[in-house]
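These figures come from a predicted structure and were not determined experimentally.
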Amino acid sequence: MDIDYRLAFELAPVGLALSRDRTIVDCNQQLCDTFGATRGQLVGQSFRLLYPSADEYERAGERIAPVMNAAGRYADDRVMRRVDGRHKGEAFWCHVTGRAFDRAQPHGAGIWSFEDLSARRTVRAELTPREREVAAYLSSGGRTSKEIGRALGISHRTVEIYRARLMRKYGASSAADLLQRLMAGG
């Protein structure tokens, strides 16, 4: 039996994008559905279009490069943004996984998958870009403030300030309560 790889790409149950230099070269319908966009709105565009802010796009690129260089693969949960449709501009949690075709060029050619987590994890509190990044690290494995600080290039004390802000915004009484509220979407 011959396998039609184009059809497999198109019918994948997660959003898929082929990229070159952080630009969407091709995508499947599920990616369009996830971001509320048409293929024409996405192909040829920078991935920046899918981020809540330019800063988050830039910092994600900085985080991805060393991991891709070392492993050729990258994955995390992050807050993304709907492009168009009735939910235009809506922030939502998304699991993103990528693989570089050449790990020495992490932002060269690659393939990325995007899984919408909004059905089980919603973004309810209004968060700043840095708060969203800290929240993503907190909810992806209970990392310490020092580990998060190293990953984001900020001090562990700054991470603790952001953690305290998140606790206030989510009405959490402890770090464990904050984690539970982040995972539940508030």
Side-chain angles (χ1 to χ4, degrees), residues 1-54 56-124 127 129 132-133 135-141 151 182-186:
M1 177 174 127
D2 289 337
I3 296 174
D4 182 344
Y5 291 100
R6 181 67 196 179
L7 185 60
F9 178 82
E10 286 300 327
L11 297 177
V14 296
L16 295 175
L18 297 174
S19 69
R20 179 167 281 113
D21 301 320
R22 299 188 80 190
T23 297
I24 301 168
V25 175
D26 198 3
C27 65
N28 68 358
Q29 186 59 47
Q30 185 61 47
L31 186 80
C32 296
D33 294 346
T34 297
F35 287 95
T38 65
R39 193 170 177 281
Q41 289 174 301
L42 297 178
V43 172
Q45 297 297 313
S46 165
F47 279 107
R48 163 59 189 101
L49 180 69
L50 309 179
Y51 284 79
S53 72
E56 288 166 283
Y57 168 76
E58 293 301 328
R59 286 195 294 258
E62 292 168 6
R63 276 195 319 272
I64 290 166
V67 176
M68 284 283 216
N69 280 333
R73 183 175 184 277
Y74 183 86
D76 69 13
D77 290 351
R78 64 180 78 155
V79 175
M80 303 295 287
R81 181 180 70 86
R82 310 256 189 234
V83 174
D84 207 353
R86 65 180 188 179
H87 299 291
K88 182 177 183 174
E90 175 186 76
F92 69 100
W93 282 100
C94 189
H95 180 73
V96 180
T97 303
R99 180 175 295 277
F101 294 162
D102 176 359
R103 71 172 63 180
Q105 296 180 17
H107 294 304
I111 185 163
W112 293 88
S113 70
F114 297 82
E115 181 185 1
D116 185 346
L117 302 176
S118 62
R120 60 183 181 265
R121 185 174 178 192
T122 59
V123 177
R124 291 194 186 143
L127 304 178
R132 285 191 291 266
E133 289 178 321
Y137 275 103
L138 288 171
S139 59
S140 68
L182 285 171
M183 296 305 290

*Asks:* Test your reading of the model: is there a side-chain donor-acceptor pair from Q105 to the backbone of D102, 3.5 Å cut-off?
*Replies:* no
*Asks:* Any idea which heavy atoms bring N28 and G15 closest together, and the distance?
*Replies:* OD1-CA, 3.5 Å
*Asks:* Thinking salt bridges, do D33 and R82 make one under a 4.0 Å N-O criterion?
*Replies:* no
*Asks:* Given side chains that start at C-beta, do those of R63 and Y137 come closer than 4.5 Å, heavy atoms only?
*Replies:* yes
*Asks:* Would you call D4 and R6 a salt bridge, using N to O less than 4.0 angstrom?
*Replies:* no
*Asks:* Hey, mind stepping through C27 and R39 against side-chain contact (heavy atoms from CB on, under 4.5 Å) and telling me if it holds?
*Replies:* CA-CA 7 Å; C27 65; R39 193 170 177 281; 3.9 Å; yes
*Asks:* With heavy-atom distances below 4.5 Å as the criterion, would you say the side chains of L42 and C32 are in contact?
*Replies:* yes
*Asks:* Please examine the side chains of F114 and V14, heavy atoms only from C-beta on, and report whether any two atoms are closer than 4.5 Å.
*Replies:* no
*Asks:* Would F92 and F35 count as a ring pair (Phe, Tyr, Trp, His ring centres under 6.0 Å) if you check the C-alpha gap in whole Å, the side-chain angles of each, and the deciding distance to 0.1 Å?
*Replies:* CA-CA 10 Å; F92 69 100; F35 287 95; 5.4 Å; yes
*Asks:* Of the non-hydrogen atoms in H95 and D77, which two are nearest, and what is the gap between them?
*Replies:* ND1-OD1, 2.6 Å
*Asks:* Would you give the length of the straight line joining atom CD1 of I24 to atom CG of L31, rounded to the nearest 0.5 angstrom?
*Replies:* 6.0 Å
*Asks:* Do D76 and V96 come close enough that some side-chain heavy atom pair is under 4.5 Å?
*Replies:* yes
*Asks:* Taking atom CD of Q41 and atom CG of D84, what is their separation to the nearest 0.5 Å?
*Replies:* 4.5 Å
*Asks:* Specify the closest pair of heavy atoms between T97 and A75, including all atoms of both residues, with the distance to one decimal.
*Replies:* OG1-CB, 3.7 Å
*Asks:* Just so I know, are the side chains of E115 and L117 near enough to count as touching, which here means a heavy-atom distance under 4.5 Å?
*Replies:* yes
*Asks:* Under a 3.5 Å cutoff, is there a donor and acceptor pairing between the side chains of D21 and T23?
*Replies:* no
*Asks:* Between M68 and R103, is a side-chain contact (heavy atoms from CB on, under 4.5 Å) present by the stated rule, with each step listed?
*Replies:* CA-CA 6 Å; M68 284 283 216; R103 71 172 63 180; 5.7 Å; no
*Asks:* Would you check if S113 and L16 make a side-chain contact, meaning some heavy-atom pair closer than 4.5 Å?
*Replies:* yes
*Asks:* Regarding R59 and E133, does a basic nitrogen lie under 4.0 Å from an acidic carboxylate oxygen?
*Replies:* yes
*Asks:* Below 4.5 Å, heavy atoms only, C-beta onward: do V83 and K88 meet side chain to side chain?
*Replies:* no
*Asks:* To the nearest 0.5 Å, what is the distance between CZ on F47 and CD1 on I64?
*Replies:* 9.0 Å
*Asks:* Spell out, as yes or no, whether a donor-acceptor pair under 3.5 Å connects the side chain of R78 to the backbone of W93.
*Replies:* no
*Asks:* So which atom in R81 and which in L49 form the shortest heavy-atom distance, rounded to 0.1 Å?
*Replies:* NH2-O, 2.6 Å
*Asks:* Give every residue pair that meets the ring pair (Phe, Tyr, Trp, His ring centres under 6.0 Å) criterion with at least one member in residues 57-81, sequence neighbours excluded.
*Replies:* Y51-Y57
*Asks:* Could you check whether any side-chain N or O of S19 sits under 3.5 Å from a backbone N or O of R22, counting only pairs where one atom can act as donor and the other as acceptor?
*Replies:* no
*Asks:* Verify the neighbour count for atom CZ of R20: are there more than 12 heavy atoms of other residues, nucleotides or ligands below 6.0 Å?
*Replies:* no
